[in-house]
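Values below: every heavy atom of this structure, side chains too, minus hydrogens, waters and symmetry copies.
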Amino acid sequence: MNTGTAAQRRRDGDTVAGVIRQWRSVHPGLDTGPMEIIGRVNRCAALLQQAEDAPLRRAGLSRAEFDLLGALRRTGDELTPGELARETFSSGAAVTKRVKQLQERELVERRADTRDRRVARVRLTDAGRALVDGILPEQLAYEKAVLAGLDEDGHEELTGLLSGLLLQLEGRLGGL
């Protein structure tokens with residue numbers, strides 16, 4: 001059995017394939033090619049969000065909160081709320097809310113910049129650093145299990161394809 005046939009069977013059986021068949025029956029000449037990709041990416045994202053990242057949930061964290069803590073940990077520095085917004089692809093208001101919640105849980109500290117008191121700086125507390133360092137291996141193991149259906153070649157191919165799409169979108173849509 002060749003890979004193309006197996007891949008086609010997978011595409012014919014997923015939820016988006018049913019949606020595409022419905023659109024084609026109502027609009028036979030409609031090019032549904034973009035929907036075949038974007039619909040599947042959106043569906044995958046929705047299912048991954050519904051799964052709610054079990055290790056994070058057990059730690060009482062949302063994905064967005066963990067992303068903020070992770071940004072502080074991986075940069076190893078204090079960041080301004082604006083820098084955190086860029087690092088986490090979030091709005092300033094969302095970052096402000098998350099910082100406040102994480103500060104109440106004593107996972108981050110917020111202080112005024114020494115040169116400009118109007119600028120806030122956010123950093124991990126020791127408890128925040130320990131939480132990130134403790135949960136990251138478990139979170140990565142969870143994500144690996146989610147992707148367990150992909151063999152190494154499929155993993156590399158999907159990584160490359162998604163990276164190419166992301167670079168294209170960031171270049172085209174990033175400035176909007």
- Closest contact, heavy atoms only, A54 versus Y142: N-CZ, 3.8 Å
- Cationic N near anionic O, under 4.0 Å, E83 to R121: yes
- Considering only heavy atoms from C-beta outward, does the side chain of V16 approach that of N42 to under 4.5 Å? no
- Close side-chain approach of H27 to Q22, heavy-atom, < 4.5 Å: no
- Do L79 and V122 have side chains that get closer than 4.5 Å, going by heavy atoms? no
- Item | Heavy-atom donor-acceptor pair, S163 side chain to T159 backbone, under 3.5 Å | no
- Query: For E104, does the CD atom have more than 12 heavy-atom neighbours from other residues, nucleotides or ligands under 6.0 Å away?
  - Reply: yes
- Task: List the steps, then state whether side chain to side chain contact (heavy atoms under 4.5 Å, CB included) holds for I135 with L69.
- Result: CA-CA 11 Å; I135 201 169; L69 294 171; over 6 Å; no
- Do the non-hydrogen side-chain atoms of M35 and I20 ever get within less than 4.5 Å of each other? yes
- So do the side chains of T80 and D113 get within less than 4.5 Å of each other, counting heavy atoms only? no
- Message: For a quick test of reading the model, state the closest non-hydrogen atom pair linking A127 to E106 and the distance between them.
- Response: CB-O, 3.8 Å
- Does atom CG of D126 have more than 12 heavy-atom neighbours, drawn from other residues, nucleotides or ligands, at distances under 6.0 Å? no
- Going by heavy atoms in the side chains, are R123 and R110 under 4.5 Å from each other? no
- Looking at E109 and R129, does any basic side-chain N land under 4.0 Å from a carboxylate oxygen? no
- Going from CG on L61 to CG on L56, what distance comes out if it is rounded to the nearest 0.5 angstrom? 6.0 Å
- Query: Are the side chain of E156 and the backbone N or O of D153 linked by a donor-acceptor pair below 3.5 Å?
  - Reply: no
- Please answer: with hydrophobic residues joined when any side-chain heavy atoms are less than 4.5 Å apart, are L48 and L150 in the same cluster? no
- Message: Quick check for you: to the nearest 0.5 Å, what is the distance between L162 atom CG and C44 atom SG?
- Response: 9.0 Å
- Query: Side chains of S90 and R98: do they bring a donor and an acceptor to under 3.5 Å?
  - Reply: yes
- E138 atom CD, over 12 foreign heavy atoms within 6.0 Å: yes
- Query: If you count the non-hydrogen atoms of other residues, nucleotides and ligands that lie under 6.0 Å from CZ in R43, is the total more than 12?
  - Reply: no
- State whether the side chain of T88 and the backbone N or O of D67 hold a donor-acceptor pair below 3.5 Å, judged by distance alone. no
- Message: If you apply the rule side chain to side chain contact (heavy atoms under 4.5 Å, CB included), what do you find for K97 with E65, and how did you get there?
- Response: CA-CA 10 Å; K97 178 181 175 185; E65 290 169 331; over 6 Å; no
- Task: Verify the distance criterion only: is there a donor paired with an acceptor across the side chains of T32 and R24 at less than 3.5 Å?
- Result: yes
- Query: Given the rule that I, L, V, M, F, W and Y join up when any side-chain heavy atoms are under 4.5 Å apart, are L140 and L131 in one cluster?
  - Reply: yes
- Task: Write down the atom of D133, the atom of R73, and the distance for their closest heavy-atom approach.
- Result: OD1-NE, 2.8 Å
- Hey, is CD on E157 packed in by over 12 heavy atoms from elsewhere, all under 6.0 Å? no
- Query: Would a 4.5 Å heavy-atom cut-off, applied to side chains only, mark L107 and V132 as touching?
  - Reply: no
- Query: If every non-hydrogen atom of A120 is compared with every non-hydrogen atom of P81, which pair is closest and at what distance?
  - Reply: O-CD, 3.5 Å
- Item | Non-hydrogen side-chain atoms of R63 and R57 separated by less than 4.5 Å | no
